[in-house]
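Residue numbers begin at 1 in each chain, while the letters A, B, ... track the order of the sequences.
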Protein chains: 2
Amino acid sequence: MKRKATITDVARAAGVSKGLVSFALNDRPGVSPDTRDRILDVARELDYRPSLSARSLSTRTSYALGLVIARDPEILGADPFFPSFIAGVERVLSTEGRALVLSVVGDDAHEETVYRTFTSDSRVDGMFLTDLRHDDPRIPLLQSLGMPAVTLGDPDARADAPASADGSGRPAHPFPSVVLDDTPGVVELARHLAELGHRRIAHVIGPRRMMHATRRDAAFAGTLAQAGCPAPIVVETDFTAAEGAAATERLLDLADPPTAIVFGNDPMAIAGIGIAHERGLRVPRDLSVAGFDDSELARYVFPSVTSVRSDPLVWGEQAARTLLQLVATGSADDVALPPARLVVRASTGPVPTSTGPVPTPSGPVPSPSGRPGGAH
Amino acid sequence: MKRKATITDVARAAGVSKGLVSFALNDRPGVSPDTRDRILDVARELDYRPSLSARSLSTRTSYALGLVIARDPEILGADPFFPSFIAGVERVLSTEGRALVLSVVGDDAHEETVYRTFTSDSRVDGMFLTDLRHDDPRIPLLQSLGMPAVTLGDPDARADAPASADGSGRPAHPFPSVVLDDTPGVVELARHLAELGHRRIAHVIGPRRMMHATRRDAAFAGTLAQAGCPAPIVVETDFTAAEGAAATERLLDLADPPTAIVFGNDPMAIAGIGIAHERGLRVPRDLSVAGFDDSELARYVFPSVTSVRSDPLVWGEQAARTLLQLVATGSADDVALPPARLVVRASTGPVPTSTGPVPTPSGPVPSPSGRPGGAH
DNA sequence: GGGGGTCACTAAACCGGTATAGTTTTGACC
DNA sequence: GGTCAAAACTATACCGGTTTAGTGACCCCC
């Protein structure tokens with residue numbers, strides 16, 4: 001196993017200085033065409049690969065992007081969002097010679113230190129901000145650290161922009177965002193349930209401090225109100241199947257239990273269906289259930305789960321592209337992806353006519369059919 | 001925002017040479033106690049953090065470990081193994097100031113280039129080898145690249161060790177392994193089904209080229225044979241819920257369908273239950289189903305899924321520790337973790353007495369009960 | 001034919017650490 | 001008090017790139 005070729009080897013072999021090799025390899029002017037070709041030939045012949053660490057030291061860039069996931073490891077395993085998102089990110093990064101540096105943290109205190117460490121170690125050139133929170137402390141943190149970032153979704157515009165030098169009317173968030181608006185899907189879902197005749201509806205959401213939880217809650221409740229429905233019963237969970245199951249138990253124990261339950265992700269919805277079945281209820285005859293994210297499994301459980309498709313893979317790809325551009329050029333535009341849409345499957349159906357589990361269909365709504373449901 | 005302090009700043013402020021600062025910070029002999037203290041004080045005061053890239057360049061070490069996942073992004077989202085494994089790895093790395101560099105690749109050709117790139121870029125100091133394959137090409141590859149690695153499970157010992165300098169009787173695999181033996185769990189599962197009276201049993205396994213698939217297949221079939229059962233029907237899949245569902249369809253379409261189906265992971269098992277329910281079969285009355293890995297969701301679907309618990313989180317922790325030791329000292333011992341055990345839940349029950357779905361219980365086996373199943 | 005400008009290229013500084021050779025200080029011992 | 005070795009510390013080379021200042025060579029043009 002012989003030593004790797006360095007830029008000095010290439011320079012010597014090509015009979016030029018190493019500075020010129022650097023110029024030729026980085027496509028910079030000041031190298032005559034035939035010299036450039038000769039250098040590139042020699043480099044290829046020696047199988048020269050520039051040293052990342054040397055380059056990093058010189059240029060103060062790491063050629064890596066960072067993702068810090070602040071969720072309990074257990075949840076991480078159950079929720080398919082992050083694996084898909086990461087796969088999307090990777091799909092872009094791998095073609096660009098960049099790497100993804102990952103960190104999974106349990107608590108907030110540790111989270112901050114990871115952001116600080118990644119920055120002070122120059123371990124990454126930019127970071128993805130997922131699971132955006134209200135008044136997210138990570139935004140001023142990264143801003144003060146001078147670390148570029150891309151947010152998934154719009155952060156809440158804060159009026160008190162701390163040191164906003166220009167008095168322009170620009171939005172208060174300092175980082176470009178990649179938005180995949182889930183409101184249309186949520187609105188469609190609310191209308192869908194209202195049209196099926198549901199009135200007593202529960203919404204089992206994720207942690208309230210996460211923006212998407214409250215945003216979806218607002219969109220859902222707002223649409224129901226428009227449709228003349230009473231406000232939904234809202235239950236906050238941590239996104240685990242366990243809490244989804246527990247929430248379902250509590251809801252079904254109510255004196256006047258809901259006829260439809262909407263869950264913040266698919267694992268919770270699947271767990272909810274499990275609870276219903278265990279109690280002898282049939283879905284959707286006695287209880288309608290819907291999930292969120294449209295994971296693969298949602299299509300294959302029985303009954304297949306009505307869900308809102310959010311496409312984390314595409315989200316990851318676009319977030320990676322935007323962050324790469326931000327890092328390279330210093331600025332990047334906000335991007336809006338096609339919004340999430342409702343996917344109706346077999347787990348939602350017309351409201352039961354009486355309070356007891358009676359199998360009488362109540363309206364013209366088609367009875368739920370086969371598994372591979374199409375978009376609404 | 002002022003510039004980060006460098007080692008030179010610390011040296012100047014402490015009135016010593018930077019070499020001595022380096023010695024003091026790395027706990028090396030040759031520094032008097034009070035000088036060392038003074039240097040450390042100054043470093044703390046200046047909030048000095050050594051530059052990773054500079055250190056990497058000097059030491060030819062990247063302070064990062066790599067994981068290449070060669071699975072389709074879709075599968076990655078559904079299968080909870082990797083997220084949990086990664087979380088376990090992270091739990092160890094984060095306390096050691098190391099980072100995890102991740103890559104997700106679809107096809108084998110790309111996989112090899114990633115291993116080569118990570119190596120030639122010195123992007124990582126060592127790598128995790130998961131989803132071990134028969135005659136795994138990654139082993140000679142990493143060996144020839146001189147990249148340390150840890151394997152999850154024992155690779156198959158190859159007689160033709162290429163350049164085995166010493167004629168010792170050591171096993172042929174050059175890398176330490178972290179083994180979580182799943183055989184006991186599989187054996188227990190086979191016995192469990194045999195005791196319940198099942199004879200026509202199907203085994204829906206993962207890709208044959210992966211060692212764990214064939215190893216489990218062998219253990220399962222062998223135990224059944226010992227128990228006097230006929231050989232199971234084996235169906236190979238890619239681990240997706242989609243193929244799990246398709247396999248279930250095919251099996252149930254057989255003239256003489258199996259009375260129990262064992263799946264290679266939980267998502268497939270859950271999809272299989274979905275298919276059964278869709279056909280009007282009841283689990284476990286008409287069909288017993290078992291999964292693998294014991295993911296969170298397995299506890300919360302209905303019926304809760306009998307599975308084999310493999311504890312990917314612990315696996316990740318131990319793999320990280322072993323790899324860190326290997327990288328630091330040049331060698332590490334093989335580690336055996338507590339083996340995977342069977343977790344009996346509600347999805348497995350006594351074999352139906354007749355071929356038709358008749359609700360007669362057939363034996364003294366307790367009827368499947370509540371969700372939170374305990375270990376067998 | 002000498003001044004001025006551009007182009008191709010070289011030499012050397014620099015990034016921020018580690019490692020090594022060399023120099024001074026300390027201390028033990030006779 | 002002189003000798004010698006160990007301990008403490010400095011100076012500097014080095015890792016492998018990028019970048020800047022500087023040097024010829026060449027051309028243009030009055």
N/O (side chain, B:Arg28) to phosphate O (OP1/OP2, C:dA19) under 4.0 Å: yes
Gap between atoms CG and C1', on B:Asp34 and C:dT25 respectively (whole Å): 14 Å
- prompt: Out of B:Asp333, B:Asp154, B:Thr151, which residue meets the side-chain hydrogen bond (donor to acceptor under 3.5 Å, both in side chains) rule with B:Ser177?
  reply: B:Asp154
- prompt: How many Å lie between CG on A:Leu52 and P on D:dT18, as a whole number?
  reply: 11 Å
- line: So CG of B:Leu65 and CZ of B:Phe128: to nearest 0.5 Å the spacing works out to 5.0 Å
query: Is a donor-acceptor pair below 3.5 Å formed from side chain B:Lys18 to base C:dG16, judging by atom type as modelled?
result: no
query: Do any side-chain nitrogens or oxygens of A:Ser22 fall under 4.0 Å of OP1 or OP2 in D:dG17?
result: no
message: Quick check on C:dG16: is either OP1 or OP2 less than 4.0 Å from any side-chain nitrogen or oxygen of B:Ser53?
response: no
query: Please give, in whole Å, the distance from D:dG16 C1' to A:Leu25 CG?
result: 13 Å
task: Give one of base, sugar-phosphate or nothing for B:Ser56, where a contact means two heavy atoms less than 4.0 Å apart.
output: nothing
statement: Quick note, A:Ser17 side chain, CB onward, closest among D:dT10, C:dA11, C:dG17 is C:dA11
message: Distance check needed: C:dG16 P versus B:Asn26 CG, whole Å only.
response: 17 Å
query: Taking atom C1' of D:dC14 as reference, at what distance in whole Å does atom CZ of B:Arg55 sit?
result: 17 Å
message: Counting only side-chain nitrogens and oxygens, does B:Thr59 get under 4.0 Å of the OP1 or OP2 atom of C:dG17?
response: no
- prompt: Within this structure, what is the CG-to-P distance between A:Leu20 and D:dG16, rounded to whole angstrom?
  reply: 20 Å
- line: CD (A:Glu112) and CG (A:Leu142) are apart, to the nearest 0.5 Å, by 10.0 Å
- prompt: Are B:Arg36 and B:Asp27 close enough, and set up right, to give a salt bridge (Lys or Arg N to Asp or Glu O under 4.0 Å), and what steps lead you there?
  reply: CA-CA 9 Å; B:Arg36 174 188 310 274; B:Asp27 280 325; 3.7 Å; yes
task: Please determine if a side-chain N or O atom of A:Tyr63 lies less than 4.0 Å away from the OP1 or OP2 oxygen of D:dG17.
output: no
field: Any A:Ser32 side-chain N or O less than 4.0 Å from OP1/OP2 of C:dC9
entry: yes
task: Whole angstrom is fine here: how far is it from CD1 in B:Ile7 over to P in C:dG17?
output: 5 Å
- prompt: Does B:Gly19 or B:Arg60 map to a spot on DNA chain D nearer the 5' end, using the closest nucleotide for each?
  reply: B:Gly19
query: Does any N or O donor sit under 3.5 Å from an N or O acceptor when you compare the side chain of A:Ser58 with the base of D:dG17?
result: yes
query: Checking A:Thr61 side chain against A:Tyr63 main chain: does a donor-acceptor pair fall under 3.5 Å?
result: no
message: OP1 or OP2 of C:dG16 versus the side-chain N and O atoms of B:Thr6: is any pair under 4.0 Å?
response: no
- prompt: B:Arg12 has an atom CZ; how far is it from atom C1' of D:dA11, in whole Å?
  reply: 16 Å
